[in-house]
Participant: 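First the structure, then my questions, so here it is.
Owing to the predicted nature of the structure, the values given are computational and were not obtained by experimental measurement. Numbers restart at 1 for each chain; the letters A, B, ... are given by sequence-line order, proteins then strands.
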Number of protein chains: 2
Amino acid sequence: MQSRPKITNNIRHLRFTSNEMSQNTLASKVGVTRQTIATIEKAKYYPTLELAFLIARVFNREISDVFKFEFEN
Amino acid sequence: MQSRPKITNNIRHLRFTSNEMSQNTLASKVGVTRQTIATIEKAKYYPTLELAFLIARVFNREISDVFKFEFEN
DNA sequence: ACATTATGTAAATAATTTTTAACATCTGGA
DNA sequence: TCCAGATGTTAAAAATTATTTACATAATGT
């Protein structure tokens with residue numbers, strides 16, 4: 001993997017529409033630290049496939065509903 | 001992330017039904033080395049979300065069609 | 001005013017993924 | 001037979017993701 005296409009996510013929005021779930025609550029549901037959630041929300045780096053699956057499951061969504069890959073062409 | 005649930009994939013099957021695409025060809029299409037594809041096919045480790053998206057796109061599939069998360073419970 | 005909760009951010013370290021290089025076997029075709 | 005392509009595997013190094021600790025601000029409620 002070289003270039004680094006953009007992956008956006010709507011975790012923040014999903015948290016607030018899920019009974020205003022805090023970063024902390026989401027973090028413990030998927031077994032990571034709060035900072036990991038915060039950093040992923042801000043898209044400073046991309047989660048592993050495993051973590052992406054876990055997060056999507058918390059919100060009862062598909063990965064592709066939570067994370068959007070921006071294909072440039 | 002701690003426990004390590006299982007994620008399986010059908011990359012190998014998709015390669016063969018896609019004009020018998022070799023590991024090498026898939027690797028260069030997504031910009032990684034052949035060894036990375038081989039190791040992911042054997043599920044020795046899980047790809048990043050980014051690589052998962054790229055692989056799914058090569059086969060015109062959704063991530064959830066290529067990778068299956070085994071939820072225990 | 002004080003305590004608590006939520007969030008932002010940074011730095012060092014740990015863990016995992018990816019690369020590179022090497023060598024192996026197997027198969028098909030020239 | 002010989003060569004090339006495809007795949008398996010291993011080991012060390014590089015790159016990326018995740019953890020931990022720490023300190024910061026803002027908002028809310030008592």
Participant: Which residues pass the side chain to side chain donor-acceptor pair (under 3.5 Å) test with B:S64, not counting sequence neighbours?
Facilitator: A:E62
Participant: Can you tell which of D:dT9, C:dT17, D:dT7 lies closest to the side chain of B:K42?
Facilitator: D:dT9
Participant: Closest to the B:T48 side chain: D:dA18, D:dG8, C:dT17?
Facilitator: C:dT17
Participant: Under the side-chain contact (heavy atoms from CB on, under 4.5 Å) test, which residues partner A:A56, sequence neighbours left out?
Facilitator: A:I63, A:V66
Participant: Output one letter per nucleotide in nucleotides 20-30 of chain C: B when a protein non-hydrogen atom lies under 4.0 Å from the base, S when only the sugar-phosphate is that close, - when neither is.
Facilitator: BBB--------
Participant: Within the 4.5 Å heavy-atom criterion, are A:L54 and A:V32 side-chain neighbours or not?
Facilitator: no
Participant: Can you name the residues that form a side chain to side chain donor-acceptor pair (under 3.5 Å) with B:T8, not counting sequence neighbours?
Facilitator: none
Participant: List for me each residue that meets side chain to side chain donor-acceptor pair (under 3.5 Å) alongside A:T17, sequence neighbours excluded, and say none if there are none.
Facilitator: none
Participant: Just how large is the angle between the end axes of the helix from C:dA1-D:dT30 to C:dA30-D:dT1, five pairs per end, to 10 degrees?
Facilitator: 30°
Participant: Output all residues satisfying side chain to side chain donor-acceptor pair (under 3.5 Å) with B:T36, sequence neighbours left out; order by chain, then residue number.
Facilitator: B:T33
Participant: With B:R12, which residues qualify under side-chain contact (heavy atoms from CB on, under 4.5 Å), at least two apart?
Facilitator: B:R15, B:F16, B:Q23, B:E41
Participant: Let me confirm one number: the CD-CG distance from B:Q35 to B:N24, rounded to the nearest 0.5 Å.
Facilitator: 8.5 Å
Participant: Counting only non-hydrogen atoms, which of residues 18-28 of chain B are less than 4.0 Å from DNA chain D?
Facilitator: B:S22, B:Q23
Participant: Taking only heavy atoms on the protein side, list every residue of residues 59-68 of chain A lying under 4.0 Å from any atom of DNA chain D, sorted numerically.
Facilitator: none
Participant: Mind checking whether A:L14 and A:R61 have side chains closer than 4.5 Å, heavy atoms only?
Facilitator: yes
Participant: Can you name the ring-ring contact (aromatic ring centres under 6.0 Å, His included) partners of B:F67, sequence neighbours left out?
Facilitator: none
Participant: side-chain contact (heavy atoms from CB on, under 4.5 Å) with B:S18: which residues, sequence neighbours excluded?
Facilitator: B:M21, B:F59
Participant: Rounding to an integer number of Å, can you tell me how far A:I7 CD1 sits from D:dT16 P?
Facilitator: 14 Å
